[in-house]
2 protein chains.
Amino acid sequence: MSKTSLMREAGEEKTTSERAYRLLREDIVSGALAPGQKLKIEMLRNRYDIGSGPLREAMSRLAGDHLVQILGQRGFVVADFTVQDAREIGDLRKLVEAEALSLSIPNGDTAWEERIITTFHRLERLETGPERGVEALAEWEQLNGAFHEALVAACPSVWLLRTRAGMFKHHERFRRLSRLRTVLTRDIHGEHRALMEAALDKDVAKSQRVIRTHIEATTEAVINAIKSLGVS
Amino acid sequence: MSKTSLMREAGEEKTTSERAYRLLREDIVSGALAPGQKLKIEMLRNRYDIGSGPLREAMSRLAGDHLVQILGQRGFVVADFTVQDAREIGDLRKLVEAEALSLSIPNGDTAWEERIITTFHRLERLETGPERGVEALAEWEQLNGAFHEALVAACPSVWLLRTRAGMFKHHERFRRLSRLRTVLTRDIHGEHRALMEAALDKDVAKSQRVIRTHIEATTEAVINAIKSLGVS
DNA sequence: GTCAACAAAAATATTTATATTTTTTATTTT
DNA sequence: AAAATAAAAAATATAAATATTTTTGTTGAC
């Protein structure tokens, strides 16, 4: 067994391109690379110790995700975002996630229910546990994502789920920003509980109402955070 | 003025990467590169006379569009598609395009109306004109796209339009396939007229009904075409 | 002296060519 | 027939070359 195949087992990352994609994505979503910032090849090569080829491939993929903008003969920049973007993505997420949820609920089996309950409790433990610092933020984001994914997991449409995931991930950029700034005045935990209960009751109409309200509340929080930062 | 800047005015294409992206995309959507086909770098280099760098960047972008699949250390393949995909994309397009239309109509001004009328008539001219061969197919696709885009053009949400455009373009792969195989038994022209009239009447509810039926009919035609080809 | 136009230089992006690694295929051995 | 090995093909990554854009500095006009 070769050294590389051993390494692979850990991260399950086959190519340098993929690694570049993951690293860049994380740094953009987390804000380490600021919106509008120029992504100079030379700088990135030093930062990640990766050649320009894989880096350019990664940025090309990120351009497809609208996280990077290609300027054409003038390089790449981190995609900017505005209050308007936050609103639009929120509305779109509302439309798509409510639809996915309504298709997921009638198809949900016991495993689906258990997954919802499990992910909910993990999230609950973190939320009601002892206050922790910034390191808990990434963990919360991860568990929150897992919970929302569990809810729609029984939706049979791959394309709908794909679109939902895209919007959700985009919203992550905004969520992270807002959680850095604002105290969590919202009762997110209660919202999540209501969401879980409606889903397990197989009440499609109620689930849709709750998810829409939930996403609206998130979007509003995000918009306030952006405004307080003075970002246009 | 240099040679390259002169060339640029014509096609408005700045980099080789972009050209590779356009060429590959066209060949995949048109079916010249068949679903499931392996995209070997060497073959593509001969085909387009473009180096591996730009080709890989183009394929990375196409992977973001889900038109190409990255195998990781084993190259790229043209994304496969199934009847299931056609159905899902059709349903999603229905959801998103109806929403975009309902936001576009209340915002539509005179220019919006005129654009709809213009694009409709261009389409009408082609559809009612003398029968032509395969070369008219690409033109029809272009005009059909322009008409549908005109309808939603007044929608204020960039992200919604972006998502709609993505689904529409994906549907193109299927539309082209179906139009190659089936006689146009449907009264597409009549459907388009009904669509235009409902939009110009600013009747949101009716427009949504009509667009949904229209997309459903397209999806059904596409599915029949795929089935008759024996593609799973 | 300030501004604009221009030219040279530097920085940067892009592409091609080369080297390396990995996968696939063919062959041989057990 | 299955496993192991060797050869070929292919993909990936690096490094070098090329082309473009941006910056800087200079000149000349006002």
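A quick note: this is a predicted structure, and the numbers were derived from the prediction, not measured. Residue numbers start from 1 in every chain, and the chains themselves are labelled A, B, ... in the order their sequence lines are given, proteins ahead of strands. Every heavy atom of this structure was used, including side-chain atoms; hydrogens, water molecules and symmetry mates were not.
Taking only side-chain atoms of B:Gln73, from C-beta outward, the nucleotide of D:dT22, C:dT23, C:dA13 with the closest atom is C:dT23. For A:Ser52, counting side-chain heavy atoms from C-beta on, the closest listed nucleotide (D:dT12, D:dT20, C:dT15) is C:dT15. Listed nucleotides C:dT22, C:dT15, C:dT14 differ in distance to B:Pro54; the shortest reach to its side chain belongs to C:dT15. The listed nucleotides are C:dT15, C:dA13, D:dT12; the one nearest the side chain of A:Lys38 is C:dA13. Comparing atom distances between the A:Ser17 side chain and each of D:dT21, D:dA13, D:dA11 picks out D:dA13 as nearest.
Using a 4.0 Å cut-off, some side-chain N or O of B:Thr16 falls inside it from OP1 or OP2 of C:dT15. Between A:Arg56 and the phosphate of C:dA13, there is no side-chain N or O to OP1/OP2 separation shorter than 4.0 Å.
Using modelled atom types and a 3.5 Å distance limit, the side chains of B:Ser17 and B:Glu57 yield a donor-acceptor pair.
Ring-plane geometry between A:Phe81 and A:Phe174 is classed as perpendicular, the angle between the planes exceeding 60 degrees on a 0 to 90 degree scale with a lower cut at 30.
For the pair A:Arg74 CZ and D:dT20 P, the interatomic distance rounds to 15 Å; values are reported in whole Å. Between B:Leu44 atom CG and D:dA10 atom P there is a gap of 12 Å when expressed in whole angstrom units. Rounding to whole angstrom units, CD of residue A:Glu42 and P of C:dA11 are separated by 11 Å. As rounded to whole Å, 13 Å separates atom C1' of D:dA9 from atom CD1 of B:Ile41. Here the C1' atom of nucleotide C:dT14 and the CD atom of B:Glu18 are 12 Å apart, to the nearest Å. Atom-to-atom, CG of B:Leu39 to C1' of D:dT12 comes out at 16 Å; the value is rounded to the nearest Å. Whole-Å rounding puts the B:Asp49 CG to C:dT15 C1' distance at 12 Å. The distance between atom CG of A:Leu55 and atom C1' of C:dT14, rounded to the nearest whole Å, is 14 Å.
Between A:His214 and A:His148, the gap from one ring centroid to the other is short of 6.0 Å.
Residue-level contact check: B:Gly53 touches the bases, meaning some heavy atom is under 4.0 Å from a base atom.
Between B:Glu216 and B:Arg87 there is no salt bridge, since none of the side-chain N atoms of the basic residue sits less than 4.0 Å from a carboxylate O of the acidic one.
In this structure, the side chains of B:Leu92 and A:Ser157 stay at 4.5 Å or more apart for every pair of heavy atoms.
Between A:Ile50 and A:Gly72, the one whose closest nucleotide on DNA chain D sits nearer the 5' end is A:Ile50.
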